[in-house]
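Structure, as structure tokens:
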Amino acid sequence: MAFDLAKCDFSRCRGDCLVRCPYVSYGEEDAKQAMRTLIRGWEHPILKECITCAACNDFCPTGANPWDLIAKRQEETNALGIPVDAKPSSDWLTKPATVIRRGSPGGPLISAGGIFEVVPQAEFLSGQMFEDATIIGGGPYACGFTETHLGRASRPVTHLPQFIANLAKAAEEYGVDEIIFSHDACYDTATTLAMQQRIDVPFRPVHLLEYIRDWLRDHPERIVKPLGTSVAVQGGCTTRYAPRGGDREIWSDWLSEILEMIGVTSVEEKRTYTGENRLCCGCGIFHTEHERAVGIQEKNIHDAAAVGAEKLVFICPACIAVMRGSCKKLELEPIYITQLVKKALGEELGPAGTAAFGYPVK
Ligand code: SF4
Ligand code: SF4
């Protein structure tokens, strides 16, 4: 997660980073000029236009990580106009450590990170798959990645040693050698970012999808209601930081296997906005540019529905929290991944339902 100036070679690209950005309309020369301006340390309109989706890191053919330069300049110039003491974020990082649900001794340990109240994790992480699991959350276990949407992209990096130390202490306390992360951001911080920053991680980070995939592999007889439905998938911004398995982000293979096991067909291959071109949920601008965020969501939902999706599956708690309103309006059922799997296990979803509609989420 750092811009690599040596790799930003204008002779080897067509300004792909900003030409392909789905939220602005730049031609090749304008894109390159914008990047030159940012490299010189000057301000440029892209700093305000950018919705902090991280996609341009994927678009750059030379691996220069242009989003990391944009994020750096956004922080230096306060371009996003978000106050230094933006309340939601500082709340997440300062919230005390909490045991959201205590499981059985020796059971799995799940960290719901700092945004565990965005969706009701105690309910979403329930049922057979999680019956022995202890779920922890709060500031000490917050990776701080959300700060990238608030113009403070350096926070996950500066906070990283403490984040890992806090989790290592929790692993020791609960007697486990692996920690499952319910949010990609924490998983990617404990894997990709920790590797880049050469921080030793004394436990094995496990992605929620990997955990579910392994549980289903171990308990195939528990799948009593194959769902026979078609879904699209909302891959959030943080999923772009996942370690790669071959030419794909590793989580996409885990998800494909889960969907296949529970009898669900993905329509992603038929979509326009899929893979690298997937659209952001708009959470970075949801409060500051609400109409623009909703416009992006609606384009995304129409695209999924047009190719036959009956549901939109979410992996990220933040994505489902900000998109469920638009899904409801456009009649595409939003469903969090654990709730989808629980349906196939024949379990009740509880008052939170598929996406906590009408549920008093704090
Ligand atoms: S960041 Fe990548 S795509 Fe953008 S100008 Fe530099 S080399 Fe080209
Ligand atoms: S981070 Fe996303 S919105 Fe910002 S410039 Fe890159 S692709 Fe565009």
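Both counts, for ligands and for their atoms, begin at 1 and track the order of listing. Starting from 1, each residue takes its place in the sequence as its number.
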Can you list the residues that meet the salt bridge (Lys or Arg N to Asp or Glu O under 4.0 Å) rule with K48, with sequence neighbours excluded?
none
Within a distance under 4.0 Å of any heavy atom of A54, pick out the atoms of ligand 2 and give their elements.
1 (S), 2 (Fe)
Taking E76 first and then R73, would you say they form a salt bridge - that is, a charged N and a carboxylate O separated by under 4.0 Å?
yes
Using heavy atoms and a strict 4.0 Å limit, residues surrounding ligand 1 turn out to be K7, C8, D9, F10, C13, D16, C17, M35, C60, P61, T62, A64, P66
So, using salt bridge (Lys or Arg N to Asp or Glu O under 4.0 Å) as the criterion, who are the partners of D303 when residues are at least two apart?
R271
If you count the atoms of ligand 2 from 1 in the order shown, which ones are under 4.0 Å from a heavy atom of I51?
3 (S), 4 (Fe)
Could you list the residues that satisfy salt bridge (Lys or Arg N to Asp or Glu O under 4.0 Å) with R204, not counting sequence neighbours?
E178, E210
Side chain, backbone, both or neither: which applies to C280 and ligand 2 if a contact is any heavy-atom pair less than 4.0 Å apart?
neither
Numbered in order shown, the ligand 2 atoms found under 4.0 Å of a heavy atom of Y23 are 3 (S)
When the ring centroid of H290 is compared with that of F286, is the distance short of 6.0 Å?
yes
Got a sec: does the CD of E260 have more than 12 other heavy atoms crowding it under 6.0 Å?
no
Tell me whether the count of non-hydrogen atoms from other residues, nucleotides or ligands lying under 6.0 Å of NE2 in H287 goes above 12.
no
Looking at R217 and E257, is any side-chain nitrogen of the basic one under 4.0 Å from a carboxylate oxygen of the acidic one?
yes
